[in-house]
There are 2 protein chains.
Amino acid sequence: MLMKASTENLRKQNRGLILSALRRLGSVSHTELSQWTSLSSATVSTITTELEKEGILLREEQAPSAGRGRPRVKFRQNPNCAFVAIVRITSEMVQYSLVDYAGTLKDRFEEKRPPAETDIDTFSNRLKNDIQRLIERSELQPEQILTVSITTKGLVASGKPELLWSPVFEDKTMNFEDLLRPILPAQIRLTNDTQFAAQSIAEQRAAKLGGFSNRKLATLSLSHSIGLGIATEEANGKISSFAPPFGHMMHDPNGPLCRCGAHGCIESIAGFYGILRTAFEVDDDVVPAKFIPLKEIENIAVRARNGDHQSEYAFRKAGEALGIGLGRLLTLLGPMPIAITGHGTLFYDLMQTSILEGIQNTLQVRRNKMPEVSFHTDEGHLIFNGNVQSCLSDLDSNIISEQNGTKWKFN
Amino acid sequence: MLMKASTENLRKQNRGLILSALRRLGSVSHTELSQWTSLSSATVSTITTELEKEGILLREEQAPSAGRGRPRVKFRQNPNCAFVAIVRITSEMVQYSLVDYAGTLKDRFEEKRPPAETDIDTFSNRLKNDIQRLIERSELQPEQILTVSITTKGLVASGKPELLWSPVFEDKTMNFEDLLRPILPAQIRLTNDTQFAAQSIAEQRAAKLGGFSNRKLATLSLSHSIGLGIATEEANGKISSFAPPFGHMMHDPNGPLCRCGAHGCIESIAGFYGILRTAFEVDDDVVPAKFIPLKEIENIAVRARNGDHQSEYAFRKAGEALGIGLGRLLTLLGPMPIAITGHGTLFYDLMQTSILEGIQNTLQVRRNKMPEVSFHTDEGHLIFNGNVQSCLSDLDSNIISEQNGTKWKFN
DNA sequence: AACATTTTTTCGACTGTCGAGAAAATTAAT
DNA sequence: ATTAATTTTCTCGACAGTCGAAAAAATGTT
């Protein structure tokens with residue numbers, strides 16, 4: 001059912017516009033705000049004074065005048081009006097960061113994960129304690145942290161912060177809401193990490209090109225497991241994203257056993273353990289070890305580059321699974337540029353031919369041109385940045401609804 | 001870039017709300033409008049009088065009074081304020097319909113397509129003449145027909161009404177805008193037919209359940225070729241849809257030659273010609289005839305049901321391609337109910353096991369429950385209705401923008 | 001100190017929605 | 001027939017929001 005429009009919503013939307021301009025442009029003057037939002041100067045005035053009174057915005061007195069005339073006063077977010085905790089879970093470590101409302105990193109530490117740990121309770125208790133520590137170190141009141149946003153590999157439930165399936169813990173689920181509610185009242189978010197990598201890359205492009213014409217972008221993360229995120233530019237200019245379990249899309253019904261219990265998933269062939277399996281001709285019904293040192297795959301790559309047939313074949317087969325999978329993706333969602341991240345980019349030379357061949361084998365691609373393929377080595381940063389951006393714009397959305405709310409009174 | 005909100009947009013949105021209420025509820029009184037839209041009675045008054053003045057709305061005098069009190073006056077769309085031509089192209093015929101703004105069918109005729117006609121110019125000229133005829137029979141001015149909306153099988157360009165690839169004309173493209181511009185000034189739309197089948201089924205469900213909780217629905221059309229439409233319920237309650245070329249998604253890279261020139265497309269195995277190919281063990285590099293009488297497939301089905309192994313195998317293989325393809329779809333877009341239409345539903349018993357097996361083989365489906373599978377034999381109606389609905393709400397959207405426009409002055 | 005220039009705020013006009021009461025149109029009762 | 005009751009629709013004044021233009025503010029220049 002469509003919603004009716006009221007003058008109240010109208011104001012909300014324009015408040016949101018101001019907030020998003022601030023988010024994108026950093027520190028902005030009244031006039032710039034007016035130009036960017038195309039709101040009249042008068043409206044900008046009323047909204048900014050309102051937000052200032054609510055403690056969300058700060059006027060930055062500006063000293064360096066660049067010419068004659070009244071100097072501009074710049075607005076910026078009040079950094080202390082809210083904080084978010086950003087947790088990034090990787091296979092090797094967990095990274096805890098505290099970020100303020102203006103987006104600046106206030107604190108960070110990392111904890112190595114003990115190798116081969118598969119007990120979920122041990123893991124989650126340590127995670128809880130580490131978040132507790134992050135709060136204590138900050139000397140903030142727990143209520144001042146409005147969001148805890150966690151990224152992980154694996155399949156995430158929609159609507160609630162629950163991990164449904166992950167390479168390490170497999171079918172043992174984990175609800176972060178239940179875990180963290182006792183220690184702080186924040187909103188808990190859980191998101192697939194590659195989704196935020198995609199979001200981040202898409203936002204970079206949109207900022208550079210002023211809206212990325214292509215409307216969609218896929219990000220493929222190559223590593224122990226295979227991740228995929230898809231970012232879409234909506235009609236209103238917002239970029240939304242999602243992360244299907246691409247690694248567990250069926251490639252070959254007669255393929256090898258995957259960690260997920262099915263046969264022939266893309267990951268079972270193109271994940272690091274899949275490559276290792278093919279290289280060492282491990283039996284199809286055996287899943288290789290959960291933790292494979294990167295060094296091991298590098299060795300296979302060296303052998304492949306030196307002409308070892310079986311090693312070459314392992315990478316080629318991986319590329320084939322990825323390429324055909326991407327081709328299927330493009331068939332269903334239309335052609336879009338593809339960004340590749342993760343340690344697996346190191347071995348792209350060995351997979352390139354078969355990946356591109358798979359993509360090429362798509363009706364729309366054959367009819368038009370090959371989609372652009374790009375590489376991004378800073379996966380960790382991308383995920384972190386994507387998470388922060390998404391978190392803070394979420395906060396912005398909450399703020400615009402809470403007009404005159406008493407919630408934002410930290411200063 | 002987000003759009004600023006103005007009082008003008010505000011009014012537009014509420015005009016749209018009134019129009020969509022009218023579209024859904026048919027003939028509605030002032031009070032009902034107010035309740036349904038949750039706009040105040042005063043606002044409904046101003047908007048309805050405005051729309052009435054513009055000739056878009058009619059007051060329906062006379063109401064069978066159901067008790068004491070002032071009788072309600074009902075509003076309805078002015079049927080004559082606009083007309084649309086609906087063209088439905090199937091492999092056997094082309095159906096031409098004229099529909100008024102209130103959605104009632106004013107005229108309809110069908111023209112059989114000569115069998116085995118593959119010349120695109122002959123076809124398009126006949127189409128043009130037939131539309132010309134539809135206009136002349138109506139005795140309307142060409143300007144009164146605001147939209148010509150065509151449905152077809154095949155791959156349709158986005159943004160312009162161009163057929164990019166179709167089973168019959170293959171790579172010979174066809175731009176309906178160029179074709180029809182000389183004879184009328186209407187907006188020309190071209191859409192894949194299964195997309196509207198999906199749209200129509202989704203709208204039925206939404207109406208019945210008051211918004212279909214599942215948010216997505218896939219419709220599979222089984223016939224000479226394979227079509228797929230996906231309908232999504234957006235946050236605002238609108239249902240949007242698209243139609244990827246699912247039939248040409250790669251099933252098996254070593255599979256048989258498809259009409260599209262690739263090998264192993266789903267359609268090359270599960271389309272009628274694919275089933276025939278397997279049943280008669282036609283060579284993988286040969287594409288069977290373009291026009292296969294339904295009778296032929298029915299014969300294979302009879303043999304299969306009587307236990308003929310090769311015939312059984314043909315349907316089983318088709319089901320496998322469809323099921324695994326649907327599984328891949330669900331992996332990428334999440335679990336959703338599946339509706340099946342087209343003549344191929346007649347043979348569902350022969351494919352059911354392998355279709356369901358393929359769907360079942362999906363991480364999210366294994367973790368939850370099997371998506372609902374339903375059947376719809378009235379494909380033609382679904383496509384027509386979906387097209388009409390989509391056309392008319394499009395018109396509504398144009399109307400709300402053209403406030404005080406002089407465009408709507410037919411009465 | 002007066003003037004020029006640029007930025008920001010303020011003011012009045014305009015558009016839109018809403019609530020409440022007035023007006024309209026009908027049935028039921030006298 | 002007239003009046004009362006009832007229900008629906010319209011109208012009017014209040015309020016919220018945006019906009020353009022003019023006023024005010026803050027600084028540099030002469």
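Because the structure is a prediction, the values reported are computed rather than measured. Letters A, B, ... are given to chains in the order of the sequence lines, protein chains preceding strands, and every chain is numbered from 1.
- Atom CD of A:E139 is surrounded by 12 or fewer heavy atoms from other residues, nucleotides or ligands within 6.0 Å.
- Both A:L39 and B:A42 lie close to DNA chain D; mapped to their nearest nucleotides by heavy-atom distance, the more 5′-ward contact belongs to B:A42.
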Contacts under 3.5 Å, N or O only, protein and nucleotides 28-30 of chain C:
unit_1, atom_1, unit_2, atom_2, d
C:dA28, O4', B:R68, NH2, 2.3

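- When each of B:S41 and B:T46 is assigned the nucleotide of DNA chain C bearing its nearest heavy atom, the one mapping closer to the 5' terminus is B:T46.
- The phosphate of C:dC18 (OP1 or OP2) has a side-chain N or O of B:T43 nearer than 4.0 angstrom.
- With sequence neighbours left out, B:D396 forms a side-chain contact (heavy atoms from CB on, under 4.5 Å) with B:L19, B:R23, B:Y101.
- A straight line from CZ of B:R11 to P of D:dG17 spans 17 Å, rounded to a whole angstrom.
- OP1 or OP2 of D:dT9 has at least one side-chain nitrogen or oxygen of B:T31 nearer than 4.0 Å.
- Distance CG (B:L57) to P (D:dT9): 13 Å, rounded to an integer number of Å.
- Residues that satisfy the side chain to side chain donor-acceptor pair (under 3.5 Å) test with A:S45, not counting sequence neighbours, are absent from this structure.
- Along DNA chain D, the nucleotide nearest to B:E32 and the one nearest to A:S38 differ in position, and the one closer to the 5' end is contacted by B:E32.
- The separation between A:R15 atom CZ and D:dA16 atom P is 15 Å, rounded to whole Å.
- OP1 or OP2 of D:dT8 sits under 4.0 Å from a side-chain N or O of B:R72.
- Listed by chain and number, the residues in a salt bridge (Lys or Arg N to Asp or Glu O under 4.0 Å) with B:R76 are B:E60 (sequence neighbours excluded).
- Atom CD of B:E8 is separated from atom P of D:dT18 by 14 Å (rounded to the nearest Å).
- The side-chain heavy atoms of B:S138 and B:F83, taken from C-beta on, include no pair separated by under 4.5 Å.
- C:dT8 atom C1' lies 13 Å from atom CD of A:E52, rounded to whole Å.
- Distance A:R59 CZ to C:dT9 P: 5 Å, rounded to the nearest Å.
- Each end of the helix from C:dA1-D:dT30 to C:dT30-D:dA1 gets its own axis from five base pairs, and the two axes differ in direction by 30°, given to 10 degrees.
- Remark: B:R70 is not in phosphate contact with C:dA22, judged by side-chain N or O atoms under 4.0 Å from OP1 or OP2.
- In this structure, B:L17 places its CG atom 11 Å from P of C:dC18, rounding to the nearest Å.
- Judged as a side chain to side chain donor-acceptor pair (under 3.5 Å), and not counting sequence neighbours, the contacts of B:S390 are B:R189.
- With values rounded to the nearest 0.5 angstrom, A:E203 atom CD is found 9.5 Å from A:N385 atom CG.
- Using a 4.0 Å cut-off, some side-chain N or O of A:K4 falls inside it from OP1 or OP2 of C:dC18.
- For A:K160, the side chain to side chain donor-acceptor pair (under 3.5 Å) partners at least two apart in sequence or on another chain are A:E162.
- Checking the phosphate oxygens (OP1, OP2) of D:dC19, a side-chain nitrogen or oxygen of A:S40 falls inside 4.0 Å.
- For B:E177, the salt bridge (Lys or Arg N to Asp or Glu O under 4.0 Å) criterion is met by B:R181, not counting sequence neighbours.
- Between A:N14 and D:dT18, a side-chain N or O to OP1/OP2 separation shorter than 4.0 Å is present.
- In this structure, A:L10 places its CG atom 15 Å from C1' of C:dC18, rounding to the nearest Å.
- Under the side chain to side chain donor-acceptor pair (under 3.5 Å) criterion, B:T191 pairs with no residue, sequence neighbours left out.
- Under 4.0 angstrom from either OP1 or OP2 of D:dC10 there lies at least one side-chain N or O belonging to B:S45.
- Residue B:H30 is classed as a sugar-phosphate contact, given heavy-atom separations below 4.0 Å to backbone atoms only.
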